[in-house]
Engineer: 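Questions regarding the structure given below will be posed in turn.
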Amino acid sequence: MPTPPAGRTPAAFDRRRTTAVELDNVTFGYDRTRLVLSGITMSIPRGRVVAIMGGSGCGKTTILRLIGGQLRPREGRVVVAGRSVPDLDRDGLYALRREVGMLFQFGALFTDMTVFENIAFPLREHTDLSEEMIRDLVLMKLNAVGLRGAASLVPSSLSGGMARRVALARAIALDPMLAMYDEPFAGLDPISLGIVGQLIRKLNDALGITSVIVTHDVYESLKIVDYLYFVSEGRIVAQGTPAEVRASTDPFVRQFVDGEADGPVPFHVKALPLEEEFALHAG
Ligand SMILES: Nc1ncnc2c1ncn2[C@@H]1O[C@H](COP(=O)(O)OP(=O)(O)OP(=O)(O)O)[C@@H](O)[C@H]1O
Ligand SMILES: [Mg+2]
């Protein structure tokens, strides 16, 4: 389907922009009582692979939802390819979703559809391409992740690593300008994990897109990304290139890189002291 010329429709995103994603001093809370993100500022140049790292509940998925327009910031700016995301109308948001490929956290495949149909789904939903074009595109995407031979299988007959590769192919089915992967490595064995990491990098470079990976796997990220942001309790506490992160003496970064269970990121979720809790339940 021909892309409408930039500027003609309110939905046009400028793929030539050198900055793909910009968050400027973004503050967000799901409710009035608690801020989940405070003063988040990040700038993701086009063509790069960037990791957003941090412990459970620090706000990583929330950042992706703000970039994808599912949420609006309370304060600050969210700009994707030159467009202010919170200012988009319904058509604009629909266009944004077409331009942003997403691998959702726990995002399962449709279990009652074949691998082929899973990848065809976004194409059918967002384009009016002919069946022939859809078939060619689906096979190309499957080929890119090494699974063309699995097109007719159902998800229940795939290994975890294969299923994740199908999910990658689905995320890039519409040739997005931006791909966002929420925990793409979760639950994979070390070999599948390496394959998925390499694929994310290769797809990014081959398709000329920009990729954001949300993960707590610093080891895998360091091998494939250009830049890392570390988030803790809704704030960016460290950032840098893989070389800078490896050399960092920042205790927060070290806790991640060295895989310590406890450190600036506490192991325990905030709770009453154990004695008080026992006393409470005893009484
Ligand atoms: N829909 C929601 N309504 C209310 N609070 C939410 C909602 N989604 C997330 N939160 C809260 O916002 C905070 C950040 O959540 P978020 O899902 O962004 O964390 P995360 O960094 O992705 O964590 P994880 O690594 O466990 O996926 C958490 O405290 C969470 O409980
Ligand atoms: Mg999350």
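Note that ligands are numbered from 1 as they come in the structure, with each ligand's atoms numbered from 1 the same way. Being a predicted model, the structure only gives us computed values, none of them experimental.
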Engineer: Check whether more than 12 heavy atoms from other residues, nucleotides or ligands sit under 6.0 Å from atom CZ of Arg124, and answer yes or no.
Structural biologist: yes
Engineer: Please determine which of Val218, Leu228, Val245, Val237 meets the side-chain contact (heavy atoms from CB on, under 4.5 Å) test together with Val253.
Structural biologist: Val245
Engineer: Does Arg148, at its CZ atom, have more than 12 non-hydrogen atoms belonging to other residues, nucleotides or ligands within less than 6.0 Å?
Structural biologist: no
Engineer: Should the pair Phe28 and Tyr30 be assigned to parallel (<30°), tilted (30 to 60°) or perpendicular (>60°) ring geometry?
Structural biologist: perpendicular
Engineer: Might you list the protein residues in contact with ligand 1, defined as having a heavy atom under 4.0 Å from one of its atoms, sorted by chain and number?
Structural biologist: Tyr30, Arg34, Val36, Gly55, Ser56, Gly57, Cys58, Gly59, Lys60, Thr61, Thr62, Arg65, Gln105, Glu183
Engineer: With a 3.5 Å distance limit and no angle check, can you tell me whether Thr41 reaches the backbone of Asn25 through a side-chain donor-acceptor pair?
Structural biologist: yes
Engineer: Give the minimum heavy-atom separation between Val78 and Pro73, together with the two atoms involved.
Structural biologist: CG2-CG, 3.9 Å
Engineer: For a quick test of reading the model, state the closest non-hydrogen atom pair linking Ile67 to Met180 and the distance between them.
Structural biologist: CG2-SD, 3.8 Å
Engineer: At a cut-off of 2.8 Å, list the protein N/O/S atoms near the Mg ion (ligand 2), residue plus atom name.
Structural biologist: Thr61 OG1, Gln105 OE1
Engineer: Report, as yes or no, whether the 6.0 Å neighbourhood of atom OH on Tyr94 holds more than 12 heavy atoms from other residues, nucleotides or ligands.
Structural biologist: yes
Engineer: I'd like to know if Asp217 and Lys223 make a salt bridge, using a cut-off of under 4.0 Å between side-chain N and carboxylate O.
Structural biologist: no
